[in-house]
2 protein chains.
Amino acid sequence: MTPPSGPRKGRPRNADADGAILAATREALAELGWGGLTMGDVAVRAGVAKTTLYRRWPSKNELVVAAVAEQLDELEMADLGSLRADIEAVVAQFASLLSAPETQAALLALFAEATRDPLLRRRVREAIIEPQKRLVLAGRAAAQSRGELPLDTCEETASAAVDIIFDTVAGTVVHRMLVSGEPATPDWISSFATLLLAPLAGIGAGT
Amino acid sequence: MTPPSGPRKGRPRNADADGAILAATREALAELGWGGLTMGDVAVRAGVAKTTLYRRWPSKNELVVAAVAEQLDELEMADLGSLRADIEAVVAQFASLLSAPETQAALLALFAEATRDPLLRRRVREAIIEPQKRLVLAGRAAAQSRGELPLDTCEETASAAVDIIFDTVAGTVVHRMLVSGEPATPDWISSFATLLLAPLAGIGAGT
DNA sequence: GATATACGCTACGACTCGTAGCGAAAGAGT
DNA sequence: ACTCTTTCGCTACGAGTCGTAGCGTATATC
């Protein structure tokens with residue numbers, strides 16, 4: 001995407017431009033959608049020439065992948081001392097991110113294009129989806145160290161559990177906020193955490 | 001969309017064309033994505049002139065809404081005698097529909113465009129999302145009549161429950177199949193049903 | 001028949017993608 | 001100080017698309 005290591009000779013790239021372009025991309029995507037997003041418009045918003053965009057990213061697809069990936073890297077898993085609190089915190093954080101119109105349109109538009117372009121789909125998985133599974137792994141590990149969850153007995157089972165938990169959390173929150181368009185209120189988050197904890201914590205362990 | 005009631009005079013519309021156009025739209029959307037979908041291509045696939053498309057739908061957006069809505073109306077809630085079986089059946093049905101590339105690209109592309117266009121979003125909610133909540137309502141009613149679930153005590157609570165269940169089921173399945181790209185195997189469906197049943201059925205009722 | 005609509009075809013203006021060429025700017029190496 | 005290399009902004013271009021308009025023709029009702 002960007003040159004592996006900064007070029008040694010010649011005029012250096014404007015360091016501020018990358019951030020400005022990615023922010024402009026998310027902004028434009030939110031207002032205009034994938035179909036309405038034009039490279040010329042992004043260039044004007046970012047205050048650079050259109051050729052500068054193509055000098056740094058090879059196509060619209062790659063530009064949008066970068067713009068969305070940058071946004072989602074903000075997520076963090078807190079350790080608040082209980083599994084329920086951790087779940088509610090990360091869901092709230094995720095929901096807060098998804099409540100920004102920039103992120104909404106950007107994420108969905110990208111997923112949509114990815115269904116047709118296998119290469120883009122791979123890039124989305126690598127750059128956006130897989131990195132976020134770290135949240136589930138961190139939350140599980142913390143809960144296990146606190147004795148809230150049993151330790152893993154089988155590597156394969158544990159991996160499958162991480163996948164299904166990730167699908168459920170990400171999918172449900174995304175669906176509620178982006179498709180149904182309902183906000184994730186504290187009450188809703190609490191209900192959802194209860195739903196998640198029941199099968200995880202076993203009989204009598206939830207609160 | 002189509003004239004409120006058939007015109008009384010003049011040449012009637014070709015009745016077969018509507019179906020052919022909608023099918024061609026889904027097919028083209030699957031192959032080319034939202035960005036690659038062209039009205040001219042759809043017209044060729046359907047064997048009609050481009051002007052015929054615009055005579056029946058005012059824009060690409062409206063055409064795709066109609067194409068996807070038609071596809072999702074196929075879903076039905078079976079009554080198999082137990083809540084678990086009903087859930088697994090409807091999830092499998094939903095997953096089967098979403099495994100078709102036509103539906104995948106169509107749904108996501110539409111959701112993405114809907115995030116920017118409030119009017120389109122309303123049309124999507126009315127024509128696609130809300131009608132499917134009937135599945136949750138039917139499943140709950142059947143389970144209540146079998147004594148598997150308690151009867152509703154509060155109208156408002158029941159409505160919120162329907163919403164959260166719908167978000168969770170639709171969101172998780174959509175996310176797994178469309179975003180992660182993993183198939184919904186019988187094992188996965190069974191695990192997911194367990195996850196859903198735990199909070200619903202209370203202690204000791206699941207299997 | 002007269003009327004009214006749908007149909008297929010072709011052409012059109014406005015717009016976007018991604019590329020190419022230009023002169024100028026801003027650094028690194030000698 | 002001078003050269004070399006890369007980036008920058010600008011303008012223009014070919015190919016392709018959207019959505020519309022006009023034409024002649026087909027197929028129905030009154």
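Letters A, B, ... are given to chains in the order of the sequence lines, protein chains preceding strands, and every chain is numbered from 1.
- With rounding to the nearest 0.5 angstrom, the CG atom of B:D167 is 5.0 Å from the NE2 atom of A:H175.
- Remark: A:R134 engages no residue in a salt bridge (charged side-chain N to carboxylate O under 4.0 Å, His left out) (not counting sequence neighbours).
- Note: CZ (B:R13) to C1' (C:dA4) measures 14 Å, nearest angstrom.
- Using modelled atom types, one finds no donor on one side chain facing an acceptor on the other under 3.5 Å when comparing A:S82 with A:R146.
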Practice task
Going 5' to 3' through nucleotides 14-21 of chain C, assign each nucleotide B (protein heavy atom under 4.0 Å from a base atom), S (under 4.0 Å only from sugar-phosphate atoms) or - (no protein heavy atom that close).
Solution key: --SSBBB-
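- Rounded to a whole Å, the CZ atom of A:R11 is 9 Å from the C1' atom of C:dG27.
- Straight-line distance from the CD atom of B:E62 to the C1' atom of D:dG19: 15 Å, rounded to whole Å.
- Shortest non-hydrogen contact noted between A:L37 and A:K60 is O-NZ, 3.1 Å.
- As a whole-Å value, the separation of A:L53 CG from D:dC8 P is 10 Å.
- At least one side-chain nitrogen or oxygen of B:R56 sits closer than 4.0 Å to the OP1 or OP2 atom of C:dC7.
- Side-chain contact of A:R84 with A:S190: a donor-acceptor pair under 3.5 Å is present, judged by distance alone.
- Put simply, the residue from A:D86, A:V162, A:L83, A:L135 that forms a side chain to side chain contact (heavy atoms under 4.5 Å, CB included) with A:R140 is A:V162.
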